[in-house]
Amino acid sequence: MTVSLSTHVLDTGTGKPAEGVFVELLRDGLPATSGETDSDGRIALLAEGLEPGTYSLVFHPPSEFFTRVELEVELTQGHYHVPLLVSPYGCASYRGS
């Protein structure tokens, strides 16, 4: 079984996609891969062919308050899409489709 991962960052303060957000994927604290969001705020394929397990998804969003948002996710099988919604003083995430 292998795992793939995509992401999307939306700046809800401006109502627009967040372009140029650096995103890292870590496993056991070590870098697995990284990327930067495109003009639509997306990284269509941050990683593929991953082994199942626990990963840290680290966003460096365009916020004066949040300089780093880290999510620990359990990736077991198939494709995962993990969006981040960020505003100057709030953020949220969910498992997308």
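- In this structure, NE2 in His8 is found 10.5 Å from CG in Leu84, a value given to the nearest 0.5 Å.
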Item to check | Trace of the side-chain contact (heavy atoms from CB on, under 4.5 Å) decision for Glu36 with His60 | outcome: CA-CA 10 Å; Glu36 192 171 287; His60 301 272; over 6 Å; no
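- Taking 4.5 Å as the limit, every side-chain heavy atom of Val82 sits out of range of all side-chain heavy atoms of Arg95.
- Between the CG atom in Leu57 and the CG atom in Leu5 there is a gap of 5.5 Å [rounded to 0.5 Å].
- Nearest heavy-atom pair across Leu46 and Ser34 is CD1-C, 3.8 Å.
- A donor-acceptor contact under 3.5 angstrom links the side chains of Ser6 and His79, judged on distance only.
- Leu26 approaches Pro31 most closely through the heavy-atom pair CD2-CA, 3.6 Å.
- Using a 4.5 Å heavy-atom cutoff, the side chains of Thr54 and Glu72 are in contact.
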Next on the checklist: Between Phe59 and Leu71, is the side-chain contact (heavy atoms from CB on, under 4.5 Å) condition met? List the steps.
Outcome noted: CA-CA 8 Å; Phe59 298 88; Leu71 304 171; 3.9 Å; yes
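- There is a path of hydrophobic side-chain contacts, each under 4.5 Å, that joins Phe65 to Val9.
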Item to check | side-chain contact (heavy atoms from CB on, under 4.5 Å) assessment of Glu64 paired with Tyr89 | outcome: CA-CA 8 Å; Glu64 295 175 17; Tyr89 299 103; 3.9 Å; yes
Next on the checklist: Please evaluate residues Leu50 and Thr2 with respect to the criterion side-chain contact (heavy atoms from CB on, under 4.5 Å), reporting the C-alpha separation (whole Å), side-chain torsions for both, the decisive distance (0.1 Å), and the verdict.
Outcome noted: CA-CA 5 Å; Leu50 297 170; Thr2 62; over 6 Å; no
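- Using a distance-only test at 3.5 Å, with no hydrogens or angles considered, no donor-acceptor pair links the side chain of Asp40 to the main chain of Arg42.
- Judged by distance alone, the side chain of Ser93 and the main-chain N or O of Pro83 form a donor-acceptor pair under 3.5 Å.
- Rounding to the nearest 0.5 Å places SG of Cys91 at 13.0 Å from CG of Leu10.
- Closest non-hydrogen pair, Thr33 versus Ala47, comes out as CG2-CB, 3.8 Å.
- With hydrogens and angles left out, the side-chain atoms of Ser39 and Glu19 include no donor and acceptor closer than 3.5 Å.
- Distance check: Thr7 OG1 to His81 NE2 gives 6.0 Å after rounding to the nearest 0.5 Å.
- The environment of CD in Gln77 is sparse: at most 12 heavy-atom neighbours from other residues, nucleotides or ligands sit within 6.0 Å.
- What you find for Pro17 and Gly41 is that their closest heavy atoms are CB-N, 3.5 Å.
- In this structure, CG in Leu25 is found 7.0 Å from CG in Leu75, a value given to the nearest 0.5 Å.
- Asp28 places no side-chain N or O within donor-acceptor distance of the main-chain N or O of Leu30, the cut-off being under 3.5 Å.
- Scanning all heavy atoms of the two residues, the minimum distance from Phe66 to Ser87 falls at CD1-O, 4.3 Å.
- To the nearest 0.5 Å, atom OG1 of residue Thr37 and atom CZ of residue Phe22 are 11.5 Å apart.
- In this structure, Tyr80 and Val73 have side chains that are not in contact, with every pair of non-hydrogen atoms separated by 4.5 Å or more.
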